[in-house]
Amino acid sequence: MNGPSQTLSKTKHLLTATRTQYLSLLKHYASTRSLTKTKQLHAQTITAGHLSSSRLRSSLADAYMHCGYIPHARKLFDELPERSALLYNNLMTMYVNSGLYLHALKAYVEMLQSGFCLPDNYTYPIVIKACSELSLLGLGRVFHGQTVVSMFGSYTYVQNSLLAMYMNCGKKEAAQRVFDAMKERSVVSWNTMISGYFKNGCAKTALMVFNQMVDFGVEIDCATVVSVLPACGYLRELELGRRVHALLEDKGLGKKTAVRNALVDMYAKCNSMAEARLVFDRIDEKDVISWTSMINGYILNDDVRSALMLCRIMQTEGIRPNSVTIASILSACDNLRDGCCLHGWTIRQNLDLEVIVITSLIDMYAKCHRVDLSFGVFTRTSTNRTAPWNAMLSGCIHNGLATEAIGLFKQMLVKGVEPDGATMNSLLPAYAILADLQPSKNIHGYLTRSGFLSGIEVATCVIDIYSKCGSLESAHQIFNAIPIDVKDIFVWSVIVSGYGMHGHGETAVSLFRQMVWSGVKPNEVTFTSVLHACSHAGLVDEGLCLFEFMLKDHKMQPHDDHYTCIVDLLGRAGRLDEAYDLIRTMPFVPSHAVWGALLGACVIHGNVEVGEVAAQHVFELEPENTGNYILLAKLYAAVGRWEDAENVRHMMNDIGLRKAPAHSLIDAVNI
DNA sequence: CTAGGGTTAG
């Protein structure tokens, strides 16, 4: 504390201080970032007449730079007769620390033009960081080239900044090349690669790099831990997460709140709330992130009550929620009453203008089937950010408003909002729902021009759209344009089911075999698609063979969908007894779909005996589905038992189900 | 003097 007498003595001291003393004081103020004291000393030097010394002015500028006081720093800097590389570096660092990356790059240009000095090994990390933050990949590459010719390319600091820059710009291959060429790698190099791979969607690679790092015997630090734990959580690698936990306790890295928070999050994502709670309770200084991680953990594990309770406790402990806390809680809300309550709460917390919160509110209302309220939130915000638009788009899709979604996207383009991958994920299903060829061709053109089509996810969507429109040639063309090693399980599934849904069983099966042959392992969904294709096209032996392949070669547990396909397949072929036998050997209770498939087959082949059994089951499982009654009536009609058909109609009426118009039953019976 | 690092929506 500064008492008045102390201040006085200090002032006295300063007045009599020599220039050297000023300089050493400034150095101290710079390292401790004491702006007030720097300002005081600035005033002193003016009154003491010392400011004529350019050495002192330079130190003063330097102190202001370290304190981040841009106006004075810049003015003093500009007035200096000559500037060293060190001063330029510090100026650029100040700009970078204030988020003024473009200013930093301008300062670099001035440095080159000044003729006083050249960039050094300290300069490059700063300007490369600026490129990284601005995603200026082109300029970043230029700096990369400059470092290589200037020999600073072999400095670990410089290389580390390049790793981060490439990772930030989504160029993980480029980062890996720099990493591979490094002669010496620090712990920072490894950490940058781990977090970089995770940020670029390669969580598995991130874990691989971490394992390599441990194998190499590199000492891990806090940053390693907080880089690797999110990847463990994402991949639900609980065992590895526990090993990292043990390792960090061993090395005494577990004191920082950030590390404990990362642990809470990891355990929560691995569905181990007991361990998450244990870590959480042991955090001495819980911050808003600790609380949010725990709250979000409960939400992820479907314990909304505990999440809300914890949120209450947090507030009684004096910690205010932030936008992330709110977004997390909103994501768990699926009813309008709570939703409106929470909306009010976000307004009271003054957080309703944050982009994440707006996005979450839009999403929440859409989940409550109130797209009108989503739209209310949406229109009341000045939105040129992409996320709220995406939320609005996906909200439309979830509520079946395909045309509205497409209209919204057009508005988005008109207003100059930059669409991204998530935009496409929300938008493209709209075209698949509409299944209208001309608009689909239009969006295909847009996707080609904008470059989105080169992404495998988008290409998969477009294949699906063309399939739904019935344009299998176009679908196949896009499919063929994808290199074989890029084709994943999803794109194969879509093309198989595309051919399947239009009755081209042979092509579907042939594509399925190509997929297996190319080394992509089929999953439950692909088997459903191909079995469905077989039943649709009447390929009985093929279908049974594939079912066998699925059980024996792939050791898969068949789902209800698979049984439905096979029952349908056998049933259509008239092998009703086999179908019935299969149902009786099922390891779980058959669903209405399975019995429904059997009933449908009985109708085709006029088998009343089996049909009645099937009908009994479907009536029990979905009593309100009128289609089932109609099927049974149709069956009776098919074998000429008109009275029974009429009785089924009465049965429907007795249950009070008049949803089906009378004529549909009559039509059905008359076929 | 410089490089990496915790919670979140679509």
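If you're wondering where the values come from, they're calculated on a predicted model, not measured in any experiment.
Among the atoms of the strands shown, base atoms are found under 4.0 Å from some heavy atom of A:A387. Among the heavy atoms of the strands lying under 4.0 Å from A:A223 is at least one base atom, whether or not backbone atoms are also near. Counting non-hydrogen atoms under 4.0 angstrom, A:D420 reaches a base of the nucleic acid. Note on A:K256: a base of the nucleic acid sits closer than 4.0 angstrom, heavy atoms only. Base engagement by A:S186 is indicated by at least one non-hydrogen atom pair under 4.0 Å involving a base atom. Across all strands, A:S394 comes closer than 4.0 Å only to sugar-phosphate atoms, never to a base (heavy-atom distances). Looking at heavy-atom distances under 4.0 Å, A:T257 makes contact with a base.
Annotation: side chain of A:E275 is in contact with side chain of A:R242 (closest heavy-atom distance under 4.5 Å).
With distances taken from any side-chain atom of A:A422 to the nucleotides B:dA3, B:dG10, B:dG4, the minimum falls on B:dG10. Closest to the side chain of A:N390, from the set B:dC1, B:dT7, B:dG10, is B:dG10. Residue A:T292 places its side chain closer to B:dT7 than to any other of B:dG10, B:dC1, B:dT7. Closest contact between the side chain of A:D265 and the listed nucleotides B:dT8, B:dC1, B:dG5 involves B:dT8. Here the nucleotide nearest the side chain of A:S293, chosen from B:dT7, B:dC1, B:dA9, is B:dT7. When distances are taken from the side chain of A:K269 to each of B:dA3, B:dT7, B:dG4, the shortest belongs to B:dT7. For A:D363, taking side-chain heavy atoms from C-beta onward, the closest of the listed nucleotides B:dT7, B:dA9, B:dG4 is B:dA9.
In this structure, the aromatic ring of A:Y157 is positioned over the six-membered ring of the base of B:dT2, centres within 5.5 Å and planes within 30°.
Screening A:T386, A:N390, A:N425 for a side-chain hydrogen bond (donor to acceptor under 3.5 Å, both in side chains) involving A:D420 leaves a single residue, A:N390.
Counting only N and O atoms by type, the side chains of A:S135 and A:N168 include no donor and acceptor under 3.5 Å apart. Using modelled atom types, one finds no donor on one side chain facing an acceptor on the other under 3.5 Å when comparing A:D62 with A:S59. Judged purely by distance below 3.5 Å, without hydrogens or angles, the side chains of A:H245 and A:Y267 pair a donor atom with an acceptor atom.
Of the residues in residues 350-359 of chain A, those lying under 4.0 Å from DNA chain B by heavy-atom distance are A:I356, A:T359.
A:M167 has its CE atom 14 Å from the C1' atom of B:dA3, to the nearest Å. For the pair A:I397 CD1 and B:dG10 C1', the interatomic distance rounds to 13 Å; values are reported in whole Å. Atom P of nucleotide B:dG5 and atom CD1 of A:I194 are separated by 12 Å, given to the nearest angstrom. As a whole-Å value, the separation of A:M364 CE from B:dG10 P is 13 Å. Between the CD1 atom of A:I126 and the P atom of B:dT2 there is a distance of 8 Å, given to the nearest Å. Per the geometry, CG belonging to A:N168 stands 13 Å off P belonging to B:dA3, to the nearest Å. Separating the CD1 atom of A:I128 from the P atom of B:dG4 is a distance of 11 Å, rounded to the nearest angstrom. B:dT2 atom C1' lies 14 Å from atom CZ of A:F143, rounded to whole Å.
Between A:W190 and A:F216, the ring centre distance stays below 6.0 Å.
Taking only side-chain nitrogens and oxygens, A:N296 comes nearer than 4.0 Å to OP1 or OP2 of B:dT8. A sub-4.0 Å separation between OP1 or OP2 of B:dG5 and a side-chain N or O of A:K199 is present.
Cation-pi contact between A:K286 and A:F280: present, with separation from the ring centre below 6.0 Å and deviation from the ring axis of at most 45°.
For A:D221 and B:dG4, a side-chain-to-base donor-acceptor distance below 3.5 Å is present, hydrogens and geometry of angles not being considered.
Identified under the salt bridge (charged side-chain N to carboxylate O under 4.0 Å, His left out) test for residues 247-273 of chain A, with sequence neighbours left out: A:E219-A:K251, A:E249-A:R260, A:D265-A:K269.
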Return all side-chain donor-acceptor pairs below 3.5 angstrom for residues 370-379 of chain A, not counting sequence neighbours, or 'none' if the list is empty.
residue	atom	partner	partner atom	Å
A:R370	NE	A:D372	OD1	3.0
A:R370	NE	A:D372	OD2	3.4
A:R370	NH2	A:D372	OD2	3.0
A:S374	OG	A:I362	O	2.8
A:S374	OG	A:A366	N	3.1
A:T379	OG1	A:F375	O	2.9
A:T379	OG1	A:G376	O	3.2

